[in-house]
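Only one structure is covered here, and it is reproduced in the block below.
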Amino acid sequence: MRSATAGVRRRFPHLRQDFLASVVVFLVAVPLCVGVAVASGVPAELGLVTGIIGGLVTGFMAGSSLQVSGPAAGLTVLVFEAVSEFGVGTLGVIVLAAGLLQLAMGLLRIGRWFRAISVSVVEGMLCGIGLVIIAGQLYAAAGLKAPKTGIDKIVELPRAFADVLGSAEALTSLAIGAGTIAVIVLWKKLPRRVRSVPGALAAVVLATAASLGLGLPVATVEVEGLLGVVQPPGSQAFAQLADAAVWGTIIAFALIASAESLFSAAAVDRLHDGPRTEYDKELIAQGTGNTVCGLLGALPMTAVIVRSSANVEAGARTKASRVLHGVWLLLFAAVLPFALALIPLPALAGILVHAGWKLIPFRRLAGLWRDHKGEAVVLVVTAVAIVVVNMFEGVLIGLALAVAKTAWEASHVKLEVMDEGTGPVQAHLAGNATFLRLPKILDSLESLPQDRPVELDLSGLHHLDHACRTALEGWAERHSATGTEPVKLTIAA
């Protein structure tokens, strides 16, 4: 017996740490899986299915050893829009195609290139998502139906608040949601031994106990059973692939889920001293997980920083912790599904309001505005675009603005003019001459004396694009046409 135990310890030297960490991650994951599913407009069990796949499938694969995957609050808005527009049946096809696209990107070694995406765009995306989640879940916390668009959710909040004041049931429901948020926030100030229980789980348990004990008239989670919600997409759902709008959603799922997962991996790497993330392999792992999720008609998955950081802080050493957390989720979904029906919906809304608040980078934005105002503008514009338009187009607007900002900053050019009063006027251009700076360059050159010869030295330019070269040659011809000596152009070899 001792030799068998010793053999297990030699083969799995960190089993105890990983086992304890898996329990902590499981306790963190349960309320988040259920809350994200309900907020996405799908049965609560589908959130657990995605969490199970994140542990038992993605958890086994190479990539980031301590990162934990599952349904993410960051995709809630996009999933809700997809379900509203195409239906739950088509969701599986969308997730399946997005997973296959992630697999292709990983196999083509595109994963590492996601690190080149502007951090401000990603943070702006998360900020916009957070704002929409908060606004939408405030309605859910009060038991009200939220408007469809992000901007309407925010604009209609005053009217919704007035409606809540006139309804005892809505006030009761909102009180449960507010109490849930208060427990999560205050839980961190309790003794360390108490905090071994995750705040979100404690908040849900307390809210459930209060609603049952006091007989409060609040809505609870609807339960269909694990086997009842797992429905592989049928031929009618696959026929939706002929719709261009579906492909837009697929691309949005793949790109946003990949970016969130790989940025999460970079953050998790900073929390531990173990093996670093292999980005292409992590993208393949995420793609495999989403492919399986799609085949089962479940929610899309990403790596989730909340669960991943809890995993590291709980002392996890290997991928065994995230695999075991998937086992515990499976056992919970199979053995205790009735427990879901006791959870008040406003409690789940409170969890997501808190999760949405944490997505808004208040401190980061203040630092960016102080040191890099351009990056702060990109962040804010991306967030506002997501709220006003939608997720996919908002991210595209943010990426376009980031590219334009980078191009503008990279096109610094300096024009130095030396005029001694006699002889030719000497002008030196240095830096990067692109079409973005062309108006300023031409204005300066056209202000030079028309009756004096000019020597224009371009040898200090690191880059001279075609538009600038053509414009400068045209200016030289016009200046020479006034009867002065031809402009002398010096261009680096």
Side-chain angles (χ1 to χ4, degrees), residues 28 32 35-36 39 64 67-68 71-78 114-138 150-151 153-154 157 181 184-185 188 199-200 252 255-271 277 302-310 312-313 350-406 409:
V28 172
L32 288 175
V36 168
S64 176
Q67 183 162 255
V68 183
L75 284 177
T76 301
V77 177
L78 193 58
F114 275 88
R115 290 181 289 177
I117 297 176
S118 168
V119 176
S120 296
V121 173
V122 176
E123 291 184 335
M125 176 190 76
L126 296 176
C127 180
I129 292 169
L131 291 171
V132 176
I133 288 174
I134 291 171
Q137 292 306 305
L138 286 176
I151 189 66
K153 286 181 174 70
I154 294 175
L157 276 175
I181 297 172
I184 295 173
V185 172
K188 297 179 180 179
L255 294 181
I256 293 171
S258 300
E260 188 171 344
S261 294
L262 298 183
F263 272 89
S264 172
V268 173
D269 280 350
R270 292 194 290 268
L271 299 177
T277 296
T302 72
V304 187
I305 188 62
V306 175
R307 273 166 255 181
S308 302
S309 59
V312 175
E313 291 171 6
I351 289 174
L352 288 173
V353 167
H354 181 259
W357 182 266
K358 292 177 70 174
L359 291 176
I360 303 175
F362 292 105
R363 293 182 181 178
R364 170 74 173 166
L365 183 57
L368 278 179
W369 184 255
R370 184 174 58 252
D371 302 326
H372 305 283
K373 287 184 172 58
E375 293 292 330
V377 170
V378 171
L379 191 157
V380 171
V381 169
T382 304
V384 172
I386 287 173
V387 173
V388 175
V389 188
N390 59 46
M391 170 82 72
F392 187 48
E393 293 178 13
V395 171
L396 290 180
I397 290 171
L399 286 172
L401 183 59
V403 170
K405 170 188 164 294
T406 302
E409 291 179 345

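All of these numbers come straight from a predicted model, not from anything done at the bench.
Considering all non-hydrogen atoms of both residues, A402 and V121 come closest at CB-CG2, 3.8 Å. Looking at every heavy atom in both residues, A257 comes nearest to L75 through CB-CD1, 4.1 Å. Shortest non-hydrogen contact noted between S308 and V68 is OG-N, 2.9 Å. Residues I351 and A200 approach most closely at CD1-O, 4.0 Å, considering heavy atoms. Residues G394 and A385 share a closest heavy-atom pair of CA-CB, 3.7 Å. In terms of heavy-atom proximity, V185 sits nearest to H354 at CG2-CD2, 4.0 Å.
For A303, the side-chain contact (heavy atoms from CB on, under 4.5 Å) test picks out Q67, S69, S261, S264, Q286, with sequence neighbours left out.
Side chains of L379 and P361 form a contact here, defined as non-hydrogen atoms less than 4.5 Å apart. Residues I360 and I134 form a side-chain contact, since some pair of their non-hydrogen atoms from C-beta on lies under 4.5 Å apart. By the 4.5 Å heavy-atom criterion applied to side chains, T382 and I397 are not counted as neighbours. Taking the side chain as every heavy atom from C-beta outward, W357 and I181 never approach each other to under 4.5 Å.
Interatomic distance, CG of L401 versus CG of L396, reported as 12.5 Å (0.5 Å rounding). We find the OG1-CD1 distance between T76 and I133 to be 4.5 Å, quoted to the nearest 0.5 Å. Here the CG-OG distance, from L399 to S120, works out to 11.5 Å after rounding to the nearest 0.5 Å. To the nearest 0.5 Å, atoms SG (C127) and CD1 (I386) are separated by 8.5 Å. Between the CD1 atom in I184 and the NZ atom in K358 there is a gap of 9.0 Å [rounded to 0.5 Å]. If you take NZ on K373 and NZ on K405, they are separated by 13.0 Å, rounding to the nearest 0.5 Å.
Among V388, V387, V381, the single residue meeting the side-chain contact (heavy atoms from CB on, under 4.5 Å) criterion with V384 is V388.
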